[in-house]
Amino acid sequence: MQYHDAKLLATAANKAQWPPESLPEIIFCGRSNAGKSTLINALVNRKNLAYSGKTPGKTRLLNFFTVDGRVIFTDAPGYGYATSDKASALQFEKLIDPYFRERQALKGMILVADARRVPNDDDISMVEYGRHTHKAIIVACTKADKLSHGTLMSNMNKIASVLGVNRKALVPVSAMKKQGIDELWAEIDRLIG
Ligand SMILES: Nc1nc2c(ncn2[C@@H]2O[C@H](COP(=O)(O)OP(=O)(O)O)[C@@H](O)[C@H]2O)c(=O)[nH]1
Ligand SMILES: [Mg+2]
């Protein structure tokens with residue numbers, strides 16, 4: 001386990017609040033409760049950098065974290081807990097869409113998906129959106145510790161096929177057992193070059 005120097009750089013409700021483009025950026029997207037905050041914390045080996053709470057869908061902003069002066073992790077609001085379809089469409093339009101379209105520094109997306117669940121329409125749309133905007137896509141399959149090896153492997157095949165991505169784009173991770181973290185870092189390193 002490596003030491004990482006990570007800190008919150010900016011919190012943005014709109015484009016005017018984005019930090020200046022300096023380093024390659026990777027956005028973390030996923031359903032509320034998929035394990036996004038926990039995964040970001042595990043990647044930087046910290047307990048509480050990205051808020052990892054029991055109240056899902058609390059963050060409605062883009063949070064930018066600089067890591068090792070080398071990469072910026074952007075934490076997007078989890079989807080699936082917006083109060084209405086309209087609220088979630090608005091959030092996408094205001095927050096996510098301009099960032100994917102206009103941010104040159106954005107190199108790729110990590111879709112955070114619970115390894116126990118079949119991806120839903122929101123997950124599928126998110127992947128299609130990443131592809132449409134020409135971003136590299138990695139799928140982190142979280143909570144791998146909750147499954148037997150056999151079930152994990154068959155679920156991952158299913159997740160890849162439902163999302164329409166190459167099976168090789170999937171990385172099983174367990175923040176709890178600290179498994180898959182080095183492998184995910186290797187993928188991130190590849191994306192940021
Ligand atoms: N067993 C296990 N639980 C996890 C793992 N990652 C996240 N969780 C749990 O899943 C729940 C949601 O995690 P959180 O990071 O808050 O999800 P977020 O809404 O996507 O940010 C929390 O209770 C976490 O403790 C993991 O790798 N293993
Ligand atoms: Mg969270």
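Counting starts at 1 for both ligands and their atoms, in listed order.
With sequence neighbours left out, the side-chain contact (heavy atoms from CB on, under 4.5 Å) criterion links K177 to D145, S174, Q179. R101 meets the salt bridge (Lys or Arg N to Asp or Glu O under 4.0 Å) test with D97; sequence neighbours excluded.
Among the backbone and side-chain atoms of S37, an N, O or S atom lies under 2.8 Å from the Mg ion (ligand 2).
Residue contact check for ligand 1: G78 places no non-hydrogen atom closer than 4.0 Å to it. Heavy-atom distances between S32 and ligand 1 reach below 4.0 Å in at least one pair. Residue R31 places a heavy atom under 4.0 Å from ligand 1.
The pair E128-R131 does not count as a salt bridge, with every side-chain nitrogen at least 4.0 angstrom from each carboxylate oxygen. Of the charged side-chain nitrogens involved, at least one lies within less than 4.0 Å of a carboxylate oxygen, so that D75 and K36 count as a salt-bridged pair.
At under 3.5 Å, not a single nitrogen or oxygen of A144, backbone or side chain, sits near a nitrogen or oxygen of ligand 1. Here's the thing with T38: one of its N/O atoms is less than 3.5 angstrom from an N/O atom of ligand 1. The shortest N or O to N or O distance between G35 and ligand 1 is below 3.5 Å. Residue A34 has at least one nitrogen or oxygen atom sitting less than 3.5 Å from a nitrogen or oxygen atom of ligand 1, judged on distance alone. In terms of polar-atom proximity, K146 is not counted as a contact of ligand 1, lacking any N or O under 3.5 Å from an N or O of the ligand.
For atom 26 (C) of ligand 1, the nearest non-hydrogen atom from the set D145, L147, T142 comes from D145.
Residues M176 and V112 do not share a hydrophobic cluster, clusters being chains of Ile/Leu/Val/Met/Phe/Trp/Tyr side chains in contact below 4.5 Å.
Between W185 and H4, the ring planes lie parallel to each other; the angle is under 30°, not in the 30° to 60° tilted range.
The distance from the CD atom of Q17 to the CG atom of L61 is 8.0 Å, given to the nearest 0.5 Å.
Both the backbone and the side chain of S37 come within 4.0 Å of ligand 1, counting heavy atoms alone.
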